Amino acid sequence: MSVLIYHTDEELIADLANYIFKIGNQAIEERDCFNFVLTGGNSPKPLYHALATTYADRIDWSKVFFFFGDERDVEPGLENYNGLMARETLLDPLNIPTEQVFYVNTTLAPAQAADAYIKSIETHFQGADINFDLILLGMGDDAHTASLFPETEILKNQDASVDSVYVEKLAAFRISFTAPLINKAKNVAFLVTGDSKAEALRHVIDVTDKNTFLYPAQLINPFDGTLTWFLDAKSSKLLNS
Ligand SMILES: O=C(O)[C@H](O)[C@@H](O)[C@H](O)[C@H](O)COP(=O)(O)O
């Protein structure tokens, strides 16, 4: 596990972009495609904007396939649909064809949407083992990641799959990769910034009290892949390391 701490947003985004392109270009060289799982939320917006503008010439985007580690149970066109945020900040500015983007079909009921999503992923991987080249994750101030929220049933799902989950605190359903599916990835990177994440980050990185039911991001520990944390000074201020 690597923990990288940055003192300016610009440095963090530049390094994370370099990291993404290093993995992506190597995947394209090896298999002529880069399977890249995006995170939702607000933290990635400046990164996505930079990938689509400043760094747009750093990879052959026609070889990149985009997925979502989780999705909210809202109509695709609505503002808090992660797919819309990614389209607005990254995919449309790069003119990425829809065939290269795997959106969660939230016009279906949550459980059906989750089933349909894992089936679309299996089809993409042509029945081979599903191990994404890179999964980008955020983390909430309650140590959730993707839609693996504290004290929810999805945390018990041991299948490498996509599941639906009712999140009491949000009074809403979510669709999410399970922890085992995330842990199968070749590379996993967290992007966590801001004071509000510091306490949760302390529980997840300086794991003094292992409790994955309370701090779900503790579940993320790739089986064979790499794990890298991209943090700013604020989010990392309580860390020992
Ligand atoms: O659908 C989502 O919202 C994300 O997948 C979620 O896991 C997010 O990464 C965290 O909630 C952090 O969100 P912020 O980046 O907005 O703090």
Side-chain angles (χ1 to χ4, degrees), residues 6 9 12-13 16 20 36-51 66-91 101-106 110 113-114 117 132 134-152 154-155 157 162-179 181-183 185 188-205 212 214-220 227-237:
Y6 298 86
D9 293 347
L12 192 163
I13 287 173
L16 181 46
I20 290 167
F36 183 16
V37 181
L38 301 175
T39 179
N42 295 308
S43 302
K45 290 178 181 175
L47 169 70
Y48 295 165
H49 176 71
L51 294 179
F66 297 90
F67 303 80
F68 296 89
D70 75 321
E71 190 53 273
R72 289 81 177 278
D73 179 32
V74 295
E75 290 297 315
L78 293 189
E79 66 168 309
N80 58 347
Y81 182 71
N82 286 330
L84 179 64
M85 181 273 287
R87 261 194 32 222
E88 290 173 343
T89 56
L90 178 65
L91 305 172
V101 188
F102 290 72
Y103 293 103
V104 178
N105 180 1
T106 51
Y117 201 46
F132 291 97
L134 173 59
I135 298 182
L136 186 61
L137 295 172
M139 191 189 75
D141 57 13
D142 60 356
H144 83 261
T145 188
S147 285
L148 305 173
F149 281 84
E151 302 175 295
T152 58
I154 194 172
L155 302 181
N157 190 330
V162 177
D163 200 354
S164 60
V165 55
Y166 183 72
V167 184
E168 202 78 41
K169 70 191 288 190
L170 302 176
F173 278 94
R174 291 281 189 102
I175 294 95
S176 179
F177 280 24
T178 62
L181 182 59
I182 294 170
N183 286 330
V188 177
F190 276 94
L191 168 58
V192 183
T193 57
D195 282 312
S196 70
K197 311 293 176 75
E199 182 59 27
L201 210 50
R202 186 174 64 81
H203 285 286
V204 174
I205 292 185
T212 56
L214 287 182
Y215 311 112
Q218 289 178 351
L219 288 166
I220 308 308
L227 176 59
T228 309
W229 292 82
F230 289 84
L231 310 176
D232 68 0
K234 290 177 179 174
S235 65
S236 60
K237 68 185 181 184

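We count residues from 1, following the sequence as given. Values reported hereafter were calculated over all heavy atoms of this structure, with side chains retained and with hydrogens, waters and symmetry mates removed. The structure displayed is predicted, hence computed values, not measured ones. In each ligand, atom 1 is the first atom listed, and ligand 1 is the first ligand listed.
Of all protein heavy atoms, the one lying nearest to atom 17 (O) of ligand 1 is Lys197 NZ, 2.7 Å. Atom 3 (O) of ligand 1 has its closest protein heavy atom at Arg72 NH2, 2.7 Å. Closest to atom 15 (O) of ligand 1, if we only count protein heavy atoms, is Ser43 OG, 2.5 Å. Of all protein heavy atoms, the one lying nearest to atom 12 (C) of ligand 1 is Met139 O, 3.6 Å. Protein heavy atom in closest approach to atom 13 (O) of ligand 1: Gly41 CA, 4.0 Å.
Atoms of ligand 1 found under 4.0 Å from any heavy atom of His144, numbered from 1 in the order shown, are 6 (C), 7 (O), 10 (C), 11 (O). Below 4.0 Å from some heavy atom of Arg174 lie the following atoms of ligand 1, by number and element: 1 (O), 2 (C). Within ligand 1, counting atoms from 1 as listed, the ones closer than 4.0 Å to a heavy atom of Thr39 are 5 (O), 9 (O). Atoms of ligand 1 lying under 4.0 Å from any heavy atom of Gly138, numbered from 1 in the order shown and given with element: 9 (O). Heavy-atom proximity to Asp70, at under 4.0 Å, picks out these atoms of ligand 1: 1 (O), 2 (C), 4 (C), 5 (O).
Residue Arg174 is tested with Asp163, Asp73, Asp70 for a salt bridge (Lys or Arg N to Asp or Glu O under 4.0 Å); the sole match is Asp70.
Using the six-membered ring where Trp is involved, Tyr117 and Phe177 have ring planes that are tilted, between 30° and 60° apart. Taking the six-membered ring where tryptophan is involved, the planes of Phe66 and Phe36 are tilted, since the angle between them lies from 30° to 60°.
Proximity of Glu71 to ligand 1, defined as any heavy-atom pair under 4.0 Å, is not found for any part of the residue. For Asn82, every heavy-atom contact with ligand 1 shorter than 4.0 Å involves the side chain, none the backbone.
Shortest non-hydrogen contact noted between Pro76 and Tyr81 is O-CD2, 3.0 Å. Counting all heavy atoms, side chain and backbone alike, Asp232 lies closest to Leu12 at N-CD1, 4.0 Å. Counting all heavy atoms, side chain and backbone alike, Gly194 lies closest to Lys234 at C-CB, 3.7 Å. Nearest heavy-atom pair across Ser235 and Val192 is OG-O, 2.9 Å.
With Ser235, Ala146, Gly194, Ser147 as candidates, the residue nearest to atom 6 (C) of ligand 1 on a non-hydrogen basis is Ala146.
Close N/O approach between Asn42 and ligand 1 is found [any backbone or side-chain N/O within under 3.5 Å].
Under the 3.5 Å distance criterion, the side-chain polar atoms of Asn183 are matched with a main-chain donor or acceptor of Leu219.
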### Query
What do the steps show when you test Tyr103 against Phe68 for ring pair (Phe, Tyr, Trp, His ring centres under 6.0 Å), and what is the final call?
CA-CA 7 Å; Tyr103 293 103; Phe68 296 89; 5.6 Å; yes

